[in-house]
Participant: 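My structure is below; once you've seen it, I'll send some questions.
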Amino acid sequence: MTEETKSLRDIRLDKLARLRERGVDPYPVASTRSHVIRDVTTAFDELEGKEVAVVGRVTALRPHGRASFADVTDATGKIQLYFKSDLLGERYELFDLLDLGDFVGAAGKVFKTKTGEITIAAEDFTLLAKGLRTPPVVKTEKTEEGDVTHDEFADPEKRYRKRYLDVMVNPQARACVLTHAEVLRAARRFMAEQGYAEIETPILQPLYGGANASPFTTRHRDLEMDLYLRIADELYLKRLLVAGLEKVYEIGKDFRNESIDRTHYPEFTMLEAYEAFGDYRTMMALTRGLIIAAAEEIRGTLKLTYQGREVTLEPPWARVSLVATLNERLDVDVLNEETQTLSDLYVLHYLKRYDEPQRGNTETNEKKAREAMYGASRAKVIDALFDLLVACDIWNPTFVVDYPAELSPLAKRQPDNPALAERFELYLCNMEIANAFSEQNDPAEQRKALEAQAEAGAAGDEEAQQMDEDFLEALEYGMPPAGGLGVGIDRLAMILSDAPSIREVIAFPCIKTDIERAVTKEVALSELRRLYIEIVGESIDKDPNKKYLEYKYVPMLMGIVVGVKRSTAKGIVEYDLRSGMVNDPRFATRKFNEYQNKIRAYFGDEFPKDKLDHYFQEFYIKGAEDAAIKNSLFEMHAELIDILVCEEKIRLIERITVIGKPIRAKTGPVFGFGVKGAWDIKVGKVYFAVTTQGRNETSFRIFPDLKYFDSTIKSGTLSGLIDFTKKSEKLKIGLPIERSELEDKIIELSLIYEPIPFPEVPGPHSLRKKIDSIDITEDILALL
RNA sequence: GGGCCAUUAGCUCAAUUGGCAGAGCAACUGACUCUUAAUCAGUAGGUUACAGGUUCGAUUCCUGUAUGGCCCUCCA
């Protein structure tokens, strides 16, 4: 929190206290409202001169001595209040204690001002909720050319981070969130009218299926099993068709562990519907009916504008054949052409489309395009070609049919062309909105298709579908022929609210949290020793009103732990070298000689003596100057050794970052630090140990994904291991600490990086058990 | 995974070839009984995201990091 917001908030806290002194309850339980604001403005002719009571938030204040104006806004609209000392008497003084953002209730007669503004002359007004923070001030100027907005709350990061402010002050943001709700309502109403039953199927699933995507995984503690967050509802809804239900649907969140962009979000809302005795043509009619019903209900028209471009939903909707369109565009027979030729065509057209350097079309991207295509199956290349050449230019609603069967393992094949699936995707405004099949109900065919997926998975396709024996068994009891449909609700909401990004229609889009936003410092290769941060305490610096948290590094290194410093906020210093305590400088000097020998033993005589001397001089002298703080010659020695060993041993590591300064937290008194390595490590492992002592608990987390290490310890050491055998990872460790707790905290963090391959890739569960049994001390000693 | 851009007061934005970090709104004090981006006078508000480098001197130039945005890739 900055000083600025503090003082603004303090001013408001003062006002709060003054209100209480006057006997005003700033947070009363009840409020009186006779009209919502829109009803007052629309029915002005009837209400003029009559008394009304409205409630809302103060969105503008215009004081004029002993008569003042305020704008009050509720969910329906905005109205002006007129406060006049003649009418209010003593209560007029309370106007001075009002701030932007407060909720108030006001009662009085409706009238029009000289300038024609519909206004309520307050004869009574009540504070309903005092705001302690100033909302962003956005003003709208009425001009001849229309309204001009000033000081718009527009920074995308701030908008997403504080979405409640965004929705508070930006009408467009509010509209997007509400449109999403209206789409849900319209969809439910429409599906109910069609006779569909809304079912809730599991979100936590032992196997994921129904789409090709990477899942999120989680763990059920008591069952001791890994579970997946669903990527689709499909396989469970189809089981209900087996059960004899005929029209089922579900609206729910699906989760796909993939990147975020304008049209993709890892947690998104999907409507899936299955109708027994239907097929994908049935689903076409259903899709069109659903979307038209939603548009008519929400927008009242089928002629829309999306991102400045007109789009019409009026039937008939176009239908294009994927294969035929490509054949025509490319002048080949895609289903029989050599895959290599198709790949070449892809790269050719890719370069054609993205030939401007501004669009990030670098040589590497070209290479990647080539590599991706040259390894891919014909079906995938066909699909990529279609996306590149056709799909991304479709604007008005268009059903795309004739998908390669290979891309649709859960769909039936076309009877007269088994290479193609009974499937469509609906494209609208360059987006894929819906996907539907005639569902595969032949257990043998389904098994074959899933086996092919399993093979692809085994060959490294991370998005291949899993073999679901239970689903196949269910199919063997007989599933009626059926049509199935999936509709992206968020994307539909985008189009209906003219939102440029899917995140606009999601109420609270994900954004990195504060603890991970800790101020960071990069440590150069030569500074790798500094991997341990000590909180020294608060200091007063120049300005007595400002406090800074002081911290300093304790010598550590990657590869070998030289010494671990233990220190409290009071400044007690001692060293534990795993070989005894050191607190005597003379002893430290002796220790240094020992380490010197050790270095020579380690590196042989190749290690240049002048380099050693240089480091020694530099750090000795620096250390002497800085002695009052560092208070230990030995520390210099430790740093020296760190450098010597690090530079030689840690060549594999490109760089490492230490996170260590107090967060400039705007949300609360949190201190965080962590260590983050941006290492290009393909194999290897990192040991870590965190020790805390103190009265209060310390919650402790390792980022990004190592949930097994997310725990709370009161006192003691938690150690573990992170392996980098699967892929290069970033390591972050965060310790959120309340500022008030700093005084009694002792925290140590040790890290050792060992760049050797892991013998096996243990599953998450076995990894956890392994970690429990690790004795980190032995590993440290082994390295020494 | 890659490219480009951005980050300065609570909000929106300035700052000349590298030379004292500024304005409007919001806040505070004062004036004002029909204003509406109210107005007028004054006051206060900054580790220029973070770290390092170059320089007599860095918001400005260089390097790195963080966060965010757009695009490519991926997400069939």
Side-chain angles (χ1 to χ4, degrees), chain A residues 2-5 7-9 11-12 60-71 80 82-87 92 99-100 111-115 117 119 121 133-143 148-161 165 169 211-214 256-264 266 350 354 356-369 372 379-380 382-384 386-387 403-404 406-408 425 432 435 462-463 501 511-512 516-524 527 541 546 548 655 657-659 661 664 666 676 678 728:
Chain A
T2 64
E3 296 299 316
E4 172 66 15
T5 55
S7 65
L8 287 177
R9 189 163 170 270
I11 289 163
R12 287 183 174 229
L61 288 168
R62 291 183 291 278
H64 289 269
R66 280 177 290 285
S68 300
F69 295 89
D71 288 344
Q80 180 169 256
Y82 182 42
F83 295 88
K84 202 173 172 187
S85 56
D86 298 351
L87 282 172
Y92 184 77
D99 284 307
L100 289 177
F111 74 107
K112 255 188 196 170
T113 63
K114 279 200 293 206
T115 49
E117 177 101 3
T119 303
R133 293 174 189 269
T134 313
V137 182
V138 180
K139 295 197 172 191
T140 309
E141 181 184 14
K142 287 171 197 155
T143 67
V148 179
T149 304
H150 298 272
D151 300 344
E152 193 174 6
F153 183 62
D155 178 12
E157 182 176 350
K158 284 170 185 148
R159 285 181 54 227
Y160 289 142
R161 223 173 260 292
L165 294 180
V169 303
N212 297 67
S214 323
R256 299 185 181 176
N257 205 341
E258 280 147 9
S259 58
I260 298 171
D261 66 25
R262 205 175 61 78
T263 58
H264 295 85
Y350 175 86
Y354 300 110
E356 308 134 51
Q358 298 95 315
R359 304 199 61 170
N361 183 31
T362 62
E363 200 183 317
T364 30
N365 277 341
E366 293 174 23
K367 266 189 208 156
K368 275 184 185 170
K380 285 208 167 172
I382 290 174
D383 194 50
F386 183 76
D387 279 347
Y403 278 77
E406 191 196 315
L407 289 173
S408 319
E425 284 191 357
E432 180 195 333
N435 183 18
E462 285 179 10
E463 273 122 28
S501 163
I511 202 150
K512 288 203 182 184
E516 291 185 71
R517 293 177 70 225
V519 176
T520 63
K521 173 186 185 300
E522 193 208 343
V523 180
E527 291 181 285
D541 183 17
K546 292 179 182 177
Y548 295 93
R655 57 182 176 265
T657 304
V658 171
I659 304 174
K661 255 171 86 170
R664 285 172 64 183
K666 290 177 182 172
K676 181 185 169 184
S728 57

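Computed from a prediction, not measured in an experiment: that's the story for all the values here. Below, read A as the first sequence line, B as the second, and so on, with proteins coming before strands; counting in each chain starts at 1. Computed from heavy atoms alone, side chains included, the values below leave out hydrogens, waters and symmetry copies.
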Participant: Going from NE2 on A:His264 to OG on A:Ser259, what distance comes out if it is rounded to the nearest 0.5 angstrom?
Facilitator: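 Interatomic distance, A:His264 NE2 to A:Ser259 OG, rounded to 0.5 Å: 7.5 Å.
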
Participant: With P as the reference atom in both, quote the distance from B:rG42 to B:rA37 in angstrom, rounded to an integer.
Facilitator: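 Taking atom P in both B:rG42 and B:rA37, they lie 23 Å apart.
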
Participant: Given that both distances must come in under 3.5 Å, which nucleotide forms a Watson-Crick or G-U wobble pair with B:rA15?
Facilitator: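 In the structure as shown, B:rA15 has no Watson-Crick or wobble partner.
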
Participant: Considering only atom P, compute the distance from B:rG52 to B:rC11 and round it to an integer number of Å.
Facilitator: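 Roughly 26 Å separates the two P atoms.
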
Participant: Distance criterion of 3.5 Å, no angle test: do you see the side chain of A:Gln80 paired donor-to-acceptor with the base of B:rU35?
Facilitator: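 Yes.
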
Participant: Rounded to the nearest 0.5 Å, what's the gap from CG on A:Leu407 to CD1 on A:Ile382? Could you check?
Facilitator: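 The CD1 atom of A:Ile382 is 8.0 Å from CG of A:Leu407, to the nearest 0.5 Å.
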
Participant: Compare side-chain N and O positions of A:Lys139 against OP1 and OP2 of B:rA38 and report whether any pair is under 4.0 Å apart.
Facilitator: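 True: A:Lys139 side-chain N/O within range (under 4.0 Å) of B:rA38 OP1/OP2.
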
Participant: Could you check which of B:rC28, B:rU33, B:rC71 has an atom nearest any side-chain atom of A:Ile11?
Facilitator: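 So the side chain of A:Ile11 is nearest to B:rC28.
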
Participant: Please give, in whole Å, the distance from B:rA37 C1' to A:Glu141 CD?
Facilitator: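 Taking CD of A:Glu141 and C1' of B:rA37, I get 5 Å after rounding.
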
Participant: Quick one: do A:Arg62 and A:Gln80 satisfy side-chain contact (heavy atoms from CB on, under 4.5 Å)? Show the steps, please.
Facilitator: CA-CA 10 Å; A:Arg62 291 183 291 278; A:Gln80 180 169 256; 2.6 Å; yes

Participant: Once you round it to whole Å, what is the distance between P of B:rA66 and CD of A:Glu157?
Facilitator: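 Roughly 14 Å, once rounded to whole Å.
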
Participant: Separation of A:Asp99 atom CG from B:rA27 atom C1', in whole Å?
Facilitator: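 Checked: the CG to C1' distance equals 9 Å.
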
Participant: Any strand is fair game: report the nucleotide pairing with B:rU55 by Watson-Crick or G-U wobble, both distances under 3.5 Å, or none.
Facilitator: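 By the stated definition (distances under 3.5 Å), nothing pairs with B:rU55.
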
Participant: With a 3.5 Å cut-off and just heavy-atom distances, do the side chain of A:Ser259 and the base of B:rC74 make a donor-acceptor pair?
Facilitator: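 Such a pair is found, so the answer is yes.
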
Participant: How would you label the contact of A:Thr140 with the nucleic acid (heavy atoms, under 4.0 Å): base, sugar-phosphate, or nothing?
Facilitator: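 Sugar-phosphate, backbone atoms only, no base.
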
Participant: Without swapping roles, check the side chain of A:Ser85 against the backbone of A:Arg66 for a donor-acceptor pair under 3.5 Å.
Facilitator: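 Yes, the answer is positive, given that a donor and an acceptor are paired below the 3.5 Å cut-off.
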
Participant: Counting any heavy atom closer than 4.0 Å, what does A:Tyr160 reach on the DNA or RNA strands: base, sugar-phosphate only, or nothing?
Facilitator: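 The residue A:Tyr160 makes sugar-phosphate contact but no base contact.
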
Participant: Nearest to the side chain of A:Lys114 - B:rU35, B:rA76, B:rC71?
Facilitator: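 So the side chain of A:Lys114 is nearest to B:rU35.
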
Participant: Of all the nucleotides listed (B:rA26, B:rA76, B:rU35), which has the minimum atom distance to the side chain of A:Thr119?
Facilitator: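 Between B:rA26, B:rA76, B:rU35, the one nearest the side chain of A:Thr119 would be B:rU35.
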
Participant: For the side chain of A:Tyr350, counting heavy atoms from C-beta on, which of B:rU67, B:rU73, B:rC28 is nearest?
Facilitator: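 Selected nucleotide: B:rU73.
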
Participant: Quickly work out the A:Asp151 CG to B:rC11 C1' distance and round it to whole Å.
Facilitator: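 To the nearest whole Å, that distance equals 6 Å.
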
Participant: Taking the P atom of each, how far is B:rC62 from B:rU7, in whole Å?
Facilitator: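 Per the computed distance, 14 Å lies between those P atoms.
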
Participant: Do A:Asp261 side-chain and B:rC74 base share a donor-acceptor contact under 3.5 Å?
Facilitator: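 Between B:rC74 and A:Asp261, which were checked side chain against base, a qualifying N/O pair under 3.5 Å is present.
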
Participant: Write down the distance separating the C1' atoms in B:rA15 and B:rC20, rounded off to the nearest Å.
Facilitator: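 Each nucleotide's C1' atom is 12 Å from the other's.
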
Participant: Drop me the distance from A:Leu100's CG to A:Leu61's CG, to the nearest 0.5 angstrom.
Facilitator: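 So the CG of A:Leu100 and the CG of A:Leu61 are separated by 5.0 Å.
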
Participant: Would you measure the distance from the C1' atom in B:rC70 across to the matching atom in B:rG57 and give it in whole Å?
Facilitator: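 My reading of the C1' atoms in B:rC70 and B:rG57 gives 36 Å.
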
Participant: Look at the side chain of A:Pro156 and decide which nucleotide, out of B:rG69, B:rC71, B:rC34, has an atom nearest to it.
Facilitator: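 Between B:rG69, B:rC71, B:rC34, the one nearest the side chain of A:Pro156 would be B:rG69.
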
Participant: Could you state the atom-to-atom distance from CZ of A:Arg66 to C1' of B:rA38 in whole Å?
Facilitator: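 Rounded to the whole Å, the gap is 17 Å.
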
Participant: With a 3.5 angstrom cut-off on both distances, give the Watson-Crick or G-U wobble partner of B:rU36, or none if there isn't one.
Facilitator: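 Partner of B:rU36: none.
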
Participant: Which nucleotide wins on minimum distance to the side chain of A:Thr113, given the candidates B:rA76, B:rU12, B:rU36?
Facilitator: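 So the side chain of A:Thr113 is nearest to B:rU36.
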
Participant: For atom C1', what is the distance between B:rC13 and B:rU48, given to the nearest Å?
Facilitator: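 Nearest-Å result for B:rC13 against B:rU48 at atom C1': 14 Å.
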
Participant: When all nucleic acid strands are considered with a 4.0 Å heavy-atom cut-off, which category describes A:Glu152: base, sugar-phosphate, or nothing?
Facilitator: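 Contact class for A:Glu152: sugar-phosphate only.
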
Participant: Do we see a donor-acceptor contact under 3.5 Å between the side chains of A:Tyr82 and A:Ser68?
Facilitator: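 A:Tyr82 vs A:Ser68: no donor-acceptor pair found between side chains.
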
Participant: Enter the distance from A:Arg133:CZ to A:Arg9:CZ here, rounded to the nearest 0.5 Å.
Facilitator: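 Atom-to-atom, A:Arg133:CZ and A:Arg9:CZ are 5.0 Å apart.
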
Participant: For A:Phe153 and B:rG10, give me the distance from atom CZ to atom C1', rounded to whole Å.
Facilitator: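 Roughly 10 Å, once rounded to whole Å.
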
Participant: Regarding B:rG69, can its base be found pairing with the side chain of A:Asp155 as donor and acceptor, where the two atoms are less than 3.5 Å apart?
Facilitator: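 Check fails, no donor-acceptor contact within cut-off.
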
Participant: Would you classify A:Asp71 as touching base, sugar-phosphate or nothing, given that sugar-phosphate means primed atoms plus P, OP1 and OP2, and contacts are heavy atoms under 4.0 Å?
Facilitator: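 Result for A:Asp71 = nothing.
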
Participant: Report which part of the nucleic acid A:Lys84 touches: base, sugar-phosphate, or nothing (heavy-atom distance under 4.0 Å, all strands).
Facilitator: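 Here A:Lys84 touches the bases of the nucleic acid.
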
Participant: Hey, which sits more toward the 5' end of RNA chain B by its nearest nucleotide, A:Val138 or A:Gly65?
Facilitator: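 Of the two residues, A:Val138 wins.
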
Participant: Indicate, with a heavy-atom threshold strictly under 4.0 Å, whether A:Ala154 touches base, sugar-phosphate, or nothing.
Facilitator: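 Result for A:Ala154 = sugar-phosphate.
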
Participant: If you look at every strand shown and take non-hydrogen atoms under 4.0 Å, does A:Pro135 touch a base, only sugar-phosphate, or nothing?
Facilitator: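 It contacts nothing in the nucleic acid.
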
Participant: Check whether any side-chain nitrogen or oxygen of A:Arg62 sits under 4.0 Å from OP1 or OP2 of B:rU35, and answer yes or no.
Facilitator: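 No, A:Arg62 has no side-chain N/O under 4.0 Å of OP1/OP2 on B:rU35.
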
Participant: Within the 4.0 Å heavy-atom criterion, would you say A:Glu425 contacts the bases, only the backbone, or no part of the nucleic acid?
Facilitator: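 Nothing, no heavy atom under 4.0 Å.
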
Participant: Expressed as a whole number of Å, how far does the P atom of B:rA26 sit from that of B:rU12?
Facilitator: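 Going atom to atom, P in each nucleotide, I get 15 Å.
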
Participant: Counting Watson-Crick and G-U wobble pairs only, both distances under 3.5 Å, name the nucleotide matched with B:rA26, or none.
Facilitator: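 Result: none.
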
Participant: As a test of reading the structure: which of B:rC11, B:rU33, B:rA26 is closest to the side chain of A:Ala67, going by heavy atoms?
Facilitator: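 Between B:rC11, B:rU33, B:rA26, the one nearest the side chain of A:Ala67 would be B:rU33.
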
Participant: With a 3.5 Å limit on both atom pairs, tell me what B:rC20 is paired to, counting Watson-Crick and G-U wobble, or say none.
Facilitator: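 By the stated definition (distances under 3.5 Å), nothing pairs with B:rC20.
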
Participant: Under 3.5 Å for both donor-acceptor distances, Watson-Crick or wobble: does B:rU48 have a partner, and if so which one?
Facilitator: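 In the structure as shown, B:rU48 has no Watson-Crick or wobble partner.
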
Participant: Just name whichever nucleotide pairs with B:rA6, Watson-Crick or G-U, keeping both distances under 3.5 Å, else none.
Facilitator: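 Across all strands, the one nucleotide that pairs with B:rA6 is B:rU67.
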
Participant: Reckon A:Phe111 touches a base, only the sugar-phosphate, or nothing at all at heavy-atom distances under 4.0 Å?
Facilitator: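 Base, at least one base atom sits under 4.0 Å.
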
Participant: Between C1' on B:rA27 and CG on A:Leu61, what's the gap in Å once rounded to a whole number?
Facilitator: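 Taking atom C1' of B:rA27 as the reference, CG of A:Leu61 is at 12 Å.
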
Participant: Ring-plane angle category for A:Phe386 and A:Tyr403, please: parallel below 30°, perpendicular beyond 60°, tilted otherwise.
Facilitator: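 Taking A:Tyr403 first and then A:Phe386, their aromatic rings stand perpendicular (interplane angle over 60°).
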
Participant: Atom CZ of A:Phe69 and atom C1' of B:rU39: how far apart are they, to the nearest Å?
Facilitator: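 After rounding, the gap between these two atoms is 13 Å.
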
Participant: Is it the case that the side chain of A:Thr119 and the backbone of A:Glu117 share a donor-acceptor pair, with hydrogens and angles ignored and the cut-off at 3.5 Å?
Facilitator: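 Yes.
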
Participant: Taking the same atom, P, in B:rG53 and in B:rC71, what whole-Å distance lies between them?
Facilitator: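 Here B:rG53 and B:rC71 have their P atoms 38 Å from each other.
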
